[in-house]
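Counting begins at 1 with the first residue of the sequence. For ligands, and for the atoms within them, numbers begin at 1 and follow the listed sequence.
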Amino acid sequence: MSSTYTNRQFDLARQQLVSLLRGKGITDTRVLDAIAAVPRHVFIQEVFRHRAYEDSALPIACQQTISQPYTVAFMTQLLQIRRGEKVLEIGTGSGYQACILAEMGARVFTIERHFDLLETARQRFEELGYNIASKVGDGSIGWSQFAPYAGIIVTAGAPDVPPSLLRQLDESGRLVIPVGDQSTQSMIVVERQGEEFVHTKSAGFKFVPLLGKEGWRK
Ligand code: SAH
């Protein structure tokens, strides 16, 4: 039963997850170190907690999901963020991805459309000692107040790359976003090089939809 798991068992399971991710091709040690440091079980409901270190997405409140660890690692690796840089995350969900970025030394800003999810995520940020700025709102239009960002990561599947997000990247900023239809998406990286935006595309994924003004209209 989940409640009988000890912290030591969770620590061991987390180390095994890190080895698994390394085996699946995650090479950035800063990403792997962050996954080794952030207790994913804290972000997961009691009933699923015994599965916290499986490499799978799990249900959270409001019919949403915490992303699969591989997806978190893959996207974070694509973001290529350095300590002290500003990162905007769209889709706070459980708060796990935001904590991974904070653990890596990024200055994290995160937006969630569900108030209930954000409230729970905020409690976790505080409990774990991460200083993360967050708000409830439509993240498909970004968070212009604190722009520009060195990195923007969208953790929900979008119909297209929202132009507002491109405008909020700094001169050499990177946007990582799953784009496709509502069932499958490709991971897109848009790298700003001054006035140019260079797009690259990789593997297929499955995300919950990005709703909003520059997302899906439901
Ligand atoms: N990064 C999260 C994964 C959450 S799933 C984690 O680590 O747990 C994606 C989240 O995006 C959902 O919580 C959903 O409510 C949110 N979302 C969808 N469209 C959004 C929008 N336009 N603005 C902000 N959040 C959005």
Side-chain angles (χ1 to χ4, degrees), residues 17 21 31 34-35 37-45 48-49 51-79 81 87-104 106 108-125 128 130 132-146 149 151-165 168 175-180 182 185 187 205-218:
L17 173 63
L21 296 176
V31 174
I35 289 179
V38 179
R40 190 170 185 258
H41 63 273
V42 168
F43 299 82
I44 290 174
Q45 298 164 23
F48 297 112
R49 201 160 286 160
R51 299 182 54 195
Y53 297 103
E54 284 178 17
D55 190 20
S56 51
L58 291 168
I60 56 175
C62 306
Q63 274 105 52
Q64 304 301 316
T65 53
I66 177 172
S67 305
Q68 180 184 351
Y70 176 76
T71 307
V72 172
F74 185 77
M75 291 180 77
T76 308
Q77 182 166 279
L78 287 174
L79 205 57
I81 210 71
V87 178
L88 175 65
E89 178 198 26
I90 315 303
T92 316
S94 68
Y96 177 71
Q97 170 75 71
C99 289
I100 292 290
L101 294 164
E103 178 63 33
M104 292 173 72
V108 185
F109 297 79
T110 184
I111 309 176
E112 171 55 54
R113 58 188 291 278
H114 287 290
F115 178 79
D116 288 359
L117 286 174
L118 194 64
E119 275 302 288
T120 311
R122 278 176 174 160
Q123 285 165 19
R124 291 167 181 152
F125 300 158
L128 297 172
Y130 292 112
I132 292 170
S134 62
K135 73 163 182 178
V136 168
D138 178 5
S140 74
I141 55 169
W143 194 348
S144 58
Q145 193 185 347
F146 297 104
Y149 303 96
I152 301 180
I153 179 169
V154 181
T155 67
D160 283 299
V161 175
S164 295
L165 299 186
Q168 293 175 28
L175 167 67
V176 178
I177 180 169
V179 175
Q182 289 205 29
Q185 302 85 28
M187 198 60 72
F205 284 87
K206 165 127 194 53
F207 282 81
V208 297
L210 177 80
L211 302 174
K213 197 157 169 246
E214 296 185 28
W216 295 102
R217 296 304 182 92
K218 290 209 187 217

Partner set under side-chain hydrogen bond (donor to acceptor under 3.5 Å, both in side chains) for Y130, not counting sequence neighbours: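 side-chain hydrogen bond (donor to acceptor under 3.5 Å, both in side chains) check on Y130 returns E103.
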S94, C62, G93: member with heavy atom nearest to atom 8 (O) of ligand 1: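 Looking at heavy atoms only, S94 sits closest to atom 8 (O) of ligand 1.
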Minimum non-hydrogen distance to atom 4 (C) of ligand 1, winning option of T65, I44, I66: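 Residue with the shortest heavy-atom distance to the ligand atom: T65.
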Can you check whether [X] reaches [Y] side chain to side chain, under 4.5 Å on heavy atoms?
X    : Y    : result
E112 : S134 : no
T65  : V208 : yes
P178 : M75  : yes
F207 : S67  : yes

So is [X] touching ligand 1 or not, going by heavy atoms under 4.0 Å?
X    : result
I100 : no
E89  : yes
A121 : no
A98  : no
G215 : no

Under a 4.0 angstrom heavy-atom cut-off, which atoms of ligand 1 come close to [X]?
X    : value
I111 : 24 (C), 25 (N)
L210 : 18 (C), 19 (N), 20 (C), 21 (C), 22 (N)
S67  : 3 (C)
G137 : 23 (N), 24 (C)
L117 : 13 (O)
S140 : 22 (N)
V208 : 5 (S), 9 (C)

Can you report which non-hydrogen protein atom sits closest to [atom], along with the distance?
atom                    : answer
atom 18 (C) of ligand 1 : P209 O, 3.5 Å
atom 23 (N) of ligand 1 : G139 N, 2.8 Å
atom 20 (C) of ligand 1 : R113 CD, 3.3 Å
atom 21 (C) of ligand 1 : L211 O, 3.5 Å
atom 12 (C) of ligand 1 : Q64 OE1, 3.2 Å
atom 11 (O) of ligand 1 : G91 CA, 3.2 Å
atom 13 (O) of ligand 1 : E112 OE1, 2.8 Å
atom 9 (C) of ligand 1  : T155 O, 3.4 Å

All side-chain contact (heavy atoms from CB on, under 4.5 Å) counterparts of S94, not counting sequence neighbours: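 Scan of S94 (side-chain contact (heavy atoms from CB on, under 4.5 Å), adjacent residues dropped) gives F43, I60, I66, Y96, R124.
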Donor + acceptor pair across side chains of S164, E214 (<3.5 Å):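 Result is yes, a qualifying pair exists.
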Mode of Q97 contact toward ligand 1 - side chain, backbone, both, neither (heavy atoms, under 4.0 Å):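 For Q97, backbone and side-chain atoms both sit under 4.0 Å from ligand 1.
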Whether [X] side chain and [Y] backbone form a donor-acceptor pair below 3.5 Å:
X    : Y    : result
Q97  : E89  : no
T155 : I90  : yes
T76  : V31  : no
D116 : A61  : no
D55  : Y70  : yes
Q168 : I141 : yes
R49  : H41  : yes

